[in-house]
Amino acid sequence: MARDIAKVGVIGLGTMGAGIAEVLARSGLSVVAVEIDDEGARRGRGHIEHSTERALSKGKLDEAGRAALHERITYTTALADLAEVDFVIEAIPENLAAKAEVFAELDKITKPDTVFASNTSSLSITEIGVHTARPGKVVGMHFFNPAPVLKLTEIVRTVVTEPEVIADVVAFAERLGKTPVVIGDRAGFIANALLFGYLNHAVRMYEQHYATREDLDAAMRFGCGYPMGPLALLDLIGLDTAYEILDTMYHQSRNRLHAPAPLLKQMITAGLLGRKTGRGFYTYDAPDSPTVVADSTQESTVDTASARPVRRVGVVGTGTMATGIAEVFAKRGFEVVLRARAAEKADAAVAKVRKSLDKAVAKGKLSESDASAALGRITPAVEFDALADVDLVVEAVAEELSVKQAVFAALDEVVKPGAILATTTSSLPVIECAAATTRPSDVVGLHFFNPAPVMKLVEVVHTIATAPDVVATAHAVCGAVGKHPVRCADRAGFIVNALLFPYLNDAVKMLEAHYAEAADIDTAMKVGCGLPMGPFALLDVVGLDVSLAIQRTLYNEFREEGFAPAPLLEHLVTAGRLGRKTGKGFYDYTVR
Ligand code: CAA
């Protein structure tokens, strides 16, 4: 018979413990909340008051519900007060010796059948469990920050956890309104193992001055639809916690990508732990506040005062990216010359734009008259000469170096001096396009995301030769078409692909290692980190061949062992399982 859980102990009332206590009390359970001293208990209560205040103001809780929730929690500094609880969740700092001591003590205090759960994010549950006389009743129950909001709970079973205990903990998590995923005892479990390599990579990029903190964060929010950028997320998690997780993962995996970036240690030493201390990568208006305030680290945004005037825009290509970009410019009032290799291709490309505009009208996003005005601004062309007097040309042809270089050489012949030549390449060096011209200082990367009319992000890529006023113009133009530009140097993957694909590749390696199923990994990332899609669903959408090509480019440029494409990805591509487009990838699809 399933165990009856009515009274639960929570040990440690930091961000996570307080959030967990709130979740438990919200579900009608009595909670005994233990802190090391009165000050800790006071802080913990403060966390819960603050969080429920937010729930109240957002209409997630009413005043009576809030009062009842608080009444269900009693605060204490004595572990002995847990004698009667049916279940304990420990959420003290990530220190194995301290956790071992707490569990050994609990073992003496509590009823023999009481289940012990640790909210550790990286320590071994097996190692924690052996400090009790009931390792079969010790599990991991890993919540995600903020615990009252995020639904994932990773339930960690060790080789000795009793199967009935796991079943009971799963049922308990469901009762709390959580989505449980059961997994084995491995550093980082699913979500952190995939998340922290990515976060650490972002810190390294920041440390190397590759992009500003604002641009790194905006890139992931606007390019991938993530709820927060990596540096803002590290501030939420706490840099000290992040360091501990990475360090433990590194010691287990010996994967250099998990070796904490030196900057993390420096910031921790200086007391910049993130939101909890009021300053981390960003500065906040008070400790524990989510409100960012200006500080001296803030780099000024690109000054667009020196931007060259742009009225007429050329787009070269007929694919989805080219027609999407033509649509974006035409909708915002620019005259567009859409150049294709043959008249019928050019006409077909304009027809594609018309179809997309019609869709926008049907969805009520655009008026009929604005759509026809936009279409009227697009002139199809076949000869490069038609681009002679454009102020900006955006090249969006096939992702092949020789093809792009031929386009740039042709543009160099005809386009007026002072015009800006942009490439939309996502995987080739922009400098290779620049080198095909006699005016490398006028060449810049404008990496739009697909579908261009929808996605807000544009990576503005400057090479070592790009003139500052060209970068300024690129930023001004992005602003004029309602896009969010981020600035980065000419390096494989720019910002988004460099951060995204190694994480997707790590997910494939995790699947290959049989640690978890694709569906569970997808659930963990969606439900635990609020991502719009899990890694396998995303790989299937992007295409496994495209993903493999990007991963290979990253590996070839950085020679980072951890970037080596997962063999499983290579095998799937070889077998023709390319994702949604072939009806089979990590998942099977009904091809329409
Ligand atoms: N109870 C119930 N609901 C609450 C609540 C509470 N106490 N406090 C807030 N909410 C609700 C809000 O009402 C809001 O709901 P709607 O979307 O329906 O309006 C929602 O939660 C979001 O809250 P906010 O408006 O306060 O904030 P936001 O929209 O700016 O989102 C965020 C903030 C939830 C943090 C979001 O940015 C997010 O999901 N970020 C990703 C966080 C993440 O990745 N966490 C995992 C980190 S890793 C980890 O935790 C593991 C580890 O071991 C370190």
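All ligand and atom numbering here is 1-based and tracks the order in the structure. What you see below is based on every heavy atom in this structure, not just the backbone, and it leaves out hydrogens, waters and symmetry mates. Residue numbers count from 1 along this sequence. Note that this is a predicted model, so its numbers are computed, not measured.
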Considering only protein heavy atoms, which is closest to [atom], and at what distance to one decimal place?
atom                    : value
atom 35 (C) of ligand 1 : P146 CD, 3.8 Å
atom 2 (C) of ligand 1  : R26 NH1, 3.7 Å
atom 26 (O) of ligand 1 : R54 NE, 2.5 Å
atom 36 (C) of ligand 1 : P227 CB, 4.0 Å
atom 40 (N) of ligand 1 : M228 SD, 3.4 Å
atom 43 (C) of ligand 1 : L233 CD1, 3.5 Å
atom 18 (O) of ligand 1 : K60 NZ, 2.5 Å
atom 50 (O) of ligand 1 : N145 N, 2.9 Å

**Prompt:** Is there a protein heavy atom at a distance of less than 4.0 Å from atom 45 (N) of ligand 1?
**Reply:** yes
**Request:** May I ask whether A55 places a heavy atom under 4.0 Å from ligand 1?
**Result:**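 A55 counts as a contact of ligand 1 under the 4.0 Å cut-off.
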**Whether M16 lies under 4.0 Å from ligand 1, heavy atom** = no
**Side-chain (E154) to main-chain (V156) donor-acceptor, under 3.5 angstrom** = no
**Message:** Under a 3.5 Å distance rule, please check whether D506 uses its side chain to pair with a backbone N or O of L194 as donor and acceptor.
**Reply:** no
**Asked** Given L199, N119, V149, which has its nearest heavy atom closest to atom 9 (C) of ligand 1?
**Response**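 Comparing heavy atoms across L199, N119, V149, the nearest one to atom 9 (C) of ligand 1 lies in V149.
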**Message:** Could you work out, for atom 47 (C) of ligand 1, the closest of I237, L56, L236 by heavy-atom distance?
**Reply:** I237
**Request:** Return yes when atom CD of E39 has more than 12 non-hydrogen atoms of other residues, nucleotides or ligands closer than 6.0 Å, and no otherwise.
**Result:** yes
**Prompt:** Do you know which of L264, L234, L257 makes side chain to side chain contact (heavy atoms under 4.5 Å, CB included) with N200?
**Reply:** L264
**Prompt:** Going by atom types only, do Y587 and D522 share a side-chain donor-acceptor pair under 3.5 Å?
**Reply:** yes
**Donor-acceptor side-chain pairing of E244 and S122 below 3.5 angstrom** = no
**Prompt:** Taking the six-membered ring for Trp, are the ring centroids of F116 and H131 within less than 6.0 Å of each other?
**Reply:**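 Not under 6.0 Å, so no.
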